[in-house]
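Worksheet for the structure shown next.
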Amino acid sequence: MKINELSKKSGVSARMLRYYEEQGLIRPMRLSSGYRDYCQNDISILKNIKALQEAGLTLNVIRVLMPCIISQPVRFDPCPLIVATLKDQRLKLQQTIEDQSRALSILEQYLDETGQMDIPEVLPNSMWESGSVAYA
DNA sequence: GTTCTAACA
DNA sequence: TGTTAGAA
């Protein structure tokens, strides 16, 4: 199937499908016309990529993991590389959760200190983009 | 009309 | 990531 068809079936934009190929995640054949020709397996690969991304894995990590993925309902071949990579990812996630948790606490403390003044909860993005908000 | 590559927003 | 230009 050609790129647009796969895009509709997978929900992945044609732009991203080309990008995935550039990153070595999928290797579609080429028609004599030069158009990419995707197979059924590519759909499975795409589903796997989506599943892995939901675990916060980046394309770079997914790329090295790809060869160790058994089949669609994402399953890993328990090789040392996989275990090490997943544990590393777990550590990074725990770290960002901690960082954001601290950031949230600080923000809430600032809000408490302002004592609920008559300011809007949220400012329109346009105010920030136009630079109309004064920093002091 | 569709897809390709490259490049810009 | 989306979008667009110019070519096939």
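Letters A, B, ... are given to chains in the order of the sequence lines, protein chains preceding strands, and every chain is numbered from 1. What you see is a predicted model; the values in this text were computed from it and never measured.
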Original post:
Quick one: on DNA chain C, does A/Tyr20 or A/Tyr35 contact a more 5' nucleotide (nearest heavy atom)?
Top reply: A/Tyr20
**OP:** Give a yes or no on whether a donor-acceptor pair under 3.5 Å exists between the nucleobase atoms of C/dT1, that is its base, and the side chain of A/Tyr19.
**Re:** no
Original post:
CE of A/Met29 versus P of B/dC4: gap in Å, rounded?
Top reply: 14 Å
**OP:** Run the salt-bridge test on A/Lys9 and A/Glu5 with the 4.0 Å N-O cut-off and return the result as yes or no.
**Re:** yes
Subject >> Distance-only donor-acceptor test, A/Arg15 side-chain atoms vs C/dT3 base atoms, 3.5 Å >> reply: yes
Original post:
Any idea which of B/dT2, C/dG2, C/dT1 is nearest the A/Ser13 side chain?
Top reply: C/dG2
Subject >> Worked check of side chain to side chain donor-acceptor pair (under 3.5 Å) between A/Gln109 and A/Glu113 >> reply: CA-CA 6 Å; A/Gln109 187 185 328; A/Glu113 291 169 359; 3.1 Å; yes
Original post:
NA contact type, A/Ser33, heavy-atom cut-off 4.0 Å: base, sugar-phosphate, or nothing?
Top reply: nothing
**OP:** To the nearest Å, give me how far apart CG (A/Asp37) and P (B/dC4) are.
**Re:** 11 Å
Subject >> Presence of salt bridge, A/Glu22 and A/Arg18, under 4.0 angstrom >> reply: no
Original post:
A/Lys2 has an atom NZ; how far is it from atom C1' of B/dC4, in whole Å?
Top reply: 13 Å
Subject >> Rounded distance in Å - CD (A/Glu5) to C1' (B/dG1) >> reply: 16 Å
Subject >> SB check A/Glu21 A/Arg27 (cutoff 4.0 Å) >> reply: no
Original post:
Relative to the 5' end of DNA chain C, which residue comes earlier, A/Arg18 or A/Leu59, by the nucleotide with the nearest heavy atom?
Top reply: A/Leu59
